Amino acid sequence: MKCRVCRGPAVIDLKRHNANFCGEHFLRFCNSQVEKAIGEYDMFTKEDKLLVAVSGGKDSLAVWAILIELGYQADGLYIGLGIGDYSDISGQYAKDFAEARDLNLHVVDLVEEYGYDVPNGSKAAKRVPCSACGMSKRHIFDRVALEHGYDVLVTGHNLDDEAAVLFGNVLHWQTDYLARQHPVLPERDGMPRKVKPLVRLDEREMAAYCVVSGIDYMLDECPMSAGNSHLRYKDALNLVEQNSPGTKQAFFHKFLSQGAPFFADAGEEARAELGTCATCGGPTPNDVCAFCRLVERAGGQPVKLTRAPARS
Ligand code: AMP
Ligand code: FES
Ligand code: ZN
Ligand code: ZN
């Protein structure tokens, strides 16, 4: 197996690209895929202040490393979700990564700042853990970005994540979700733009990126997500991909170029309906946002959103 670029010994084969790469050229390939996604979807520029949401897992640490390597201004944000050892260990990976590279990492602890953790919050709100967790993370992403004046919030969602979400949305014909499924969610009312620069790279490629570039990351999956439908959709798509490499990429990227425009109206309606939460000031279609209701039910304390002074 030889590298497509230098003909040296290859360390990885990428069937969907019909290519093999040595370590060095594989890292360059990943960088170029991220650059391509940033350009293709007009995500951000070198002038923007980026906040990368890092979980301590491979995807988010890799995207942070790649953005720094490409010369972007990117700080990190880790949220302690209070999921026992899983949270403690993954937080340590995020902190070690930042410290070793002298990068700025914001840390927010749900229990310390809001008075609840994901297991208790999900019970109190009668929501599945991933729903309570996702809602908490999204709120804190907005809060930290707003407080510190970041223009863009970056997450480590990769091609497998996005294809699995798309698959689920199609299976249930959730047109409003289909309308919002894009690698860029525009900013609104001071909330940062949300972007997913890894949409051209899959899970295996991100794990290989970390191994080749020497990034230590949390290997375990979240214990609370076991058995959720998202993982089953990933398995189903992997089965198809095994027999027809490239299917996942075509499914997701052709949806964006050819399918998504059909759902644009459903998205406009959902966006137009948003007002302001009376408790925290965040966007919501109700008087009080779902996050503040969750905090209240979990017996915690909501935190009012504050904005950083405008930059001159
Ligand atoms: P998940 O929802 O766990 O699949 O994670 C999707 C993305 O959300 C990750 O790639 C990260 O960018 C971000 N994320 C997940 N967990 C955390 C966390 N504890 N703190 C900050 N960001 C996170
Ligand atoms: Fe959110 Fe597991 S990381 S429920
Ligand atoms: Zn090579
Ligand atoms: Zn609120």
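The first residue of the sequence shown is numbered 1, and numbering continues consecutively from there. As the structure lists them, so they are numbered: ligands from 1, and atoms in each ligand from 1. Keep in mind that this is a model prediction, so the values were computed, not measured.
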| field | Residues Y86, D220; criterion side-chain hydrogen bond (donor to acceptor under 3.5 Å, both in side chains); working and verdict | value | CA-CA 8 Å; Y86 172 76; D220 297 346; over 6 Å; no
| request: On the 0 to 90° scale, with breaks at 30° and 60°, tag the F291-Y116 ring pair as parallel, tilted or perpendicular. | output: tilted
| task | Specify side chain, backbone, both or neither for V54, according to which of its non-hydrogen atoms lie closer than 4.0 Å to ligand 1. | result | backbone
| Out of curiosity, does V211 fall in the hydrophobic cluster containing M1 (side-chain heavy atoms, cut-off under 4.5 Å, transitive links)? | no
| said: Quick check on contacts: which atoms of ligand 1 are under 4.0 angstrom from a heavy atom of L77? | reply: 21 (C)
| said: With heavy-atom distances below 4.0 Å as the criterion, list the atoms of ligand 1 near T155. | reply: 12 (O)
| request: Report yes or no: does H139 have an N/O/S atom closer than 2.8 Å to the Zn ion (ligand 4)? | output: no
| query | Any link between V34 and L27 through a network of hydrophobic side chains (Ile, Leu, Val, Met, Phe, Trp, Tyr) touching at under 4.5 Å? | reply | yes
| query | How close does the nearest protein non-hydrogen atom get to atom 6 (C) of ligand 1, and which residue and atom is it? | reply | H157 NE2, 3.3 Å
| task | Using a distance threshold of 4.0 Å (strictly less than), state whether atom 19 (N) of ligand 1 has a protein heavy-atom neighbour. | result | yes
| Counting only heavy atoms, which portion of L81 has something under 4.0 Å from ligand 1: side chain, backbone, both, or neither? | side chain
| request: Below 4.0 angstrom from a heavy atom of K137, which ligand 1 atoms are there? Numbered from 1 as shown, please. | output: 1 (P), 2 (O), 3 (O), 15 (C), 16 (N), 17 (C)
| query | To the nearest 10°, what's the angle at the Zn ion (ligand 4) between atoms SG (C292) and SG (C277)? | reply | 110°
| task | Show which atoms of ligand 1 fall inside a sub-4.0 Å distance from at least one heavy-atom site of S60. | result | 10 (O), 11 (C), 12 (O)
| task | Please note down the angle at the Zn ion (ligand 4) between SG of C289 and SG of C280, to the nearest 10°. | result | 120°
| More than 12 heavy atoms of other groups within 6.0 Å of N228 CG | yes
| request: Would you please classify the geometry between the H148 ring and the H106 ring as parallel, tilted or perpendicular, with 30° and 60° separating the classes? | output: tilted
| query | Judging by distance only, is a nitrogen or oxygen of I79 under 3.5 angstrom from one on ligand 1? | reply | yes
| query | Who's the nearest protein heavy-atom neighbour of atom 9 (C) of ligand 1, and how far? | reply | G156 N, 3.9 Å
| query | Is the F26 ring parallel, tilted or perpendicular to the F21 ring (thresholds 30°, 60°)? | reply | tilted
| Which is closest to atom 17 (C) of ligand 1 by heavy-atom distance: S55, A53, C130, G57? | S55
| Does one hydrophobic cluster hold both V212 and L70, with members joined at side-chain heavy-atom distances below 4.5 Å? | yes
| request: Please confirm whether H172 and Y177 have ring centers closer than 6.0 angstrom. | output: no
| note | Heavy-atom nearest pair, I38 first then P197, reads CG1-CB, 4.5 Å
| query | Sorted by chain and residue number, which protein N/O/S atoms are under 2.8 Å from the Zn ion (ligand 3)? | reply | C3 SG, C6 SG, C22 SG, H25 ND1
| field | Residues S55, S90; criterion side-chain hydrogen bond (donor to acceptor under 3.5 Å, both in side chains); working and verdict | value | CA-CA 6 Å; S55 64; S90 46; over 6 Å; no
| remark: Minimal heavy-atom distance between L201 and N158, with the atoms involved, is O-CB, 3.3 Å
| task | Using the rule that two of Ile, Leu, Val, Met, Phe, Trp, Tyr join whenever any of their side-chain heavy atoms come within less than 4.5 Å, decide whether L171 and L178 are in one cluster. | result | yes
